[in-house]
Amino acid sequence: MSKNRALNIPDRSESYWLDSVEFPTFPSLEENCETDVVIIGGGISGIMTAYLLAIEGYRVTLVEARRLLSGTTGFTTAKLTSQHGLIYDYLLQNEGSKTANSYYEANEAAISYVKNIITEKGIDCDFSEEKAYVFAEDEKQQEKVKEEAEAYRKIGIDGGFIDNIPLDVHNLGAVVMNHQAQFNPVKFLKPLVEEIVAKGGRVFENTRVDDIESNKRPVAVTREGRRVEGDYLVVCSHYPFYDKEGFYYARLSPNRSYSIAAETDKEYPGGMYVNAGQPAHSLRSIQLEGKELVLAGGYGHYVGHKQNTEESYNQLYQFVNQTFGVKKVPYRWSAQDPATLDQIPYIGRYSTEMENVFVATGYRKWGMSSGILAGQLLTNLISGRGSKYEETFSPLRPIKEPGMKKLTKESFHLGKMFAEDKAEKPAGQFTDLQIDEGKVINYNEQRAGAYRDEQGDFHVVDTTCTHMGCQTHWNNAERTWDCPCHGSRFSYNGDVVEGPATKPLKKMRE
Ligand SMILES: Cc1cc2nc3c(=O)[nH]c(=O)nc-3n(C[C@H](O)[C@H](O)[C@H](O)COP(=O)(O)OP(=O)(O)OC[C@H]3O[C@@H](n4cnc5c(N)ncnc54)[C@H](O)[C@@H]3O)c2cc1C
């Protein structure tokens, strides 16, 4: 029986964005090849980088582990804004005005680029200009929001503090940023992918890269051992999977959250909203069959730290129902995004030791503008023009005090995860499982993960993450095994759903 029948939420996750567009499909890589730039990962970062390089005349090869946009870009909420929560006061306090200004300017430039290209090419991607708000729900949050408004004044951001928001929720005012936007990223990126191909770029799907050889000409090596060699290589795989350099596994923390699209009794007032506190409530609207729906997101948690993830959808539903009155929920989905130690994305050289290898990651759930900015910045670096934003986003930048504290916290967290998993005692047999139930069980005296599907068939896997050996935990809404250490996720039969892992979980029972 549907777990969410009582609340009328769909039982399975499906992205509104991916359902709204028919996207072209591409073959998998069957032989070694050579190119100018190898780009790993077909989300907004990889596609923008491939597109911008292709229109400059580079031969690009885009290699995607599953389908293009099957990562976080296909499961986003797609607010296209430089208002990334309450970031600017933090940046002024901790990184200085040069970095804060550069961060804002680079994101605004990315948004302007989208506006221009949509007009120039006539791209129909449900783009609309909107105001973006971060609203306060108590006095402490109000203070923070006012400090953010003061940061806007210092940086020269178009916006500031307002006493009330157009949305009918309890609030003590908000910081508003004017001239921001929302769009459908899948509709936006489709013509760009077509242009990559038209310019001679090659795209491969269902081709997971497993290793990188950092020679004078770097090589991406796939799970099947095929090699793609280029002058440059760009890792846009969301969470970087290559651990011998860069140490991204110690510098990123992935957080997962939930979205529902709801037809509601009350009309949506326009604008894009997020509260300043926790749990997060993020709101915008979307169009479905001529109706305006509320797209709500939130209830995030560190990946792999919550097993009853159905509860998160239910909580989100309750919030939307209280605020707007829910008639119907045609879509639900969830996704994750990593945050860096100092809140600023890592876009630039992968490591000091890898001359022509670049990376773009760590968008902290603000990857629509950041993904476009990544494409622009990486294209400038590869072409040798350089960029005035290079230093701000460089993955090689020194990390200051708050970031160092976060690094210590992350290391402690990893140690704790290993210790807790060693202490956990699996209980029961796989044959005890109900239909559509998954849990950690005892299988031949070993810890194992078991799931019983709708047909009654059992799937038993070794729950040890193939990335670094942490124990994965069950995620009951998505029916996946999720790693609490670095956020890798696996289907119930062990296939990799999200990296950094590149190898499937071991099957214990065929
Ligand atoms: C719930 C949620 C809501 C969000 N809402 C917003 C929002 O409103 N506004 C905003 O600005 N941002 C938002 N974001 C953030 C934004 O969606 C992401 O930052 C952005 O989509 C990341 O894009 P990407 O290209 O870096 O990664 P992805 O879209 O994840 O693409 C990476 C691709 O790489 C592939 N890949 C992975 N490993 C390999 C490998 N080894 N070999 C080959 N391919 C590989 C994956 O399959 C995937 O397709 C949100 C994020 C979440 C989680």
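Counting starts at 1 for both ligands and their atoms, following the listed order.
- When each of Asn178, Val134, Val176 is paired with Gln83, the side chain to side chain contact (heavy atoms under 4.5 Å, CB included) condition holds for Val134 and for no other.
- An N or O contact shorter than 3.5 Å is missing between Arg66 and ligand 1 by distance.
- Residue Val209 touches ligand 1 through backbone and side chain together, judged by heavy-atom distances below 4.0 Å.
- Residue contacts with ligand 1: Tyr363 is placed with no nitrogen or oxygen under 3.5 Å of a nitrogen or oxygen of the ligand (distance criterion only).
- Scanning all protein heavy atoms for the shortest distance to atom 34 (O) of ligand 1 gives Gly41 CA, 3.2 Å.
- Not one N or O of Gln336 is nearer than 3.5 Å to an N or O of ligand 1, by distance alone.
- Using a 4.0 Å cut-off between charged side-chain N and carboxylate O, Lys121 and Glu195 make a salt bridge.
- The backbone N or O of Ala501 lies less than 3.5 Å from a partner atom in the side chain of Ser488, making a donor-acceptor pair.
- The nearest heavy-atom contact from the protein to atom 28 (P) of ligand 1 is Thr72 N, 3.6 Å.
- A salt bridge between Arg397 and Asp342 is present, with a side-chain N of the basic residue lying under 4.0 Å from a carboxylate O of the acidic one.
- Of the protein's non-hydrogen atoms, the one nearest atom 47 (O) of ligand 1 is Glu64 OE2, 2.6 Å.
- For Ala78, a nitrogen or oxygen atom sits less than 3.5 Å from a nitrogen or oxygen atom of ligand 1, counting backbone and side chain alike.
- Polar contact check, Ala335 against ligand 1: no nitrogen or oxygen pair lies under 3.5 Å apart.
- Ring pair His486/Tyr249 is perpendicular by interplanar angle, where above 60° counts as perpendicular and below 30° as parallel.
- If you look at Val63 next to ligand 1, the close heavy atoms, those under 4.0 Å, all belong to the backbone.
- With respect to atom 12 (N) of ligand 1, the closest heavy atom belonging to the protein is Gly367 N, 2.9 Å.
- For ligand 1, the polar-atom distance check against Thr73 finds a nitrogen or oxygen pair separated by under 3.5 Å.
- Nearest protein heavy-atom neighbour of atom 13 (C) of ligand 1: Lys365 O, 2.9 Å.
- Taking only nitrogen or oxygen atoms, main chain and side chain alike, Arg67 does not reach within less than 3.5 Å of ligand 1.
- For Asn255, no heavy-atom contact with ligand 1 is shorter than 4.0 Å.
- At a heavy-atom cutoff of 4.0 Å, ligand 1 is contacted by the backbone of Cys236 but not by its side chain.
- Summary of contacts: the protein heavy atom closest to atom 45 (C) of ligand 1 is Ala65 CB, 3.5 Å.
- For Ala360, no nitrogen or oxygen atom sits less than 3.5 Å from a nitrogen or oxygen atom of ligand 1, counting backbone and side chain alike.
- Considering backbone and side-chain N/O of Ser259, none are found under 3.5 Å from N/O of ligand 1.
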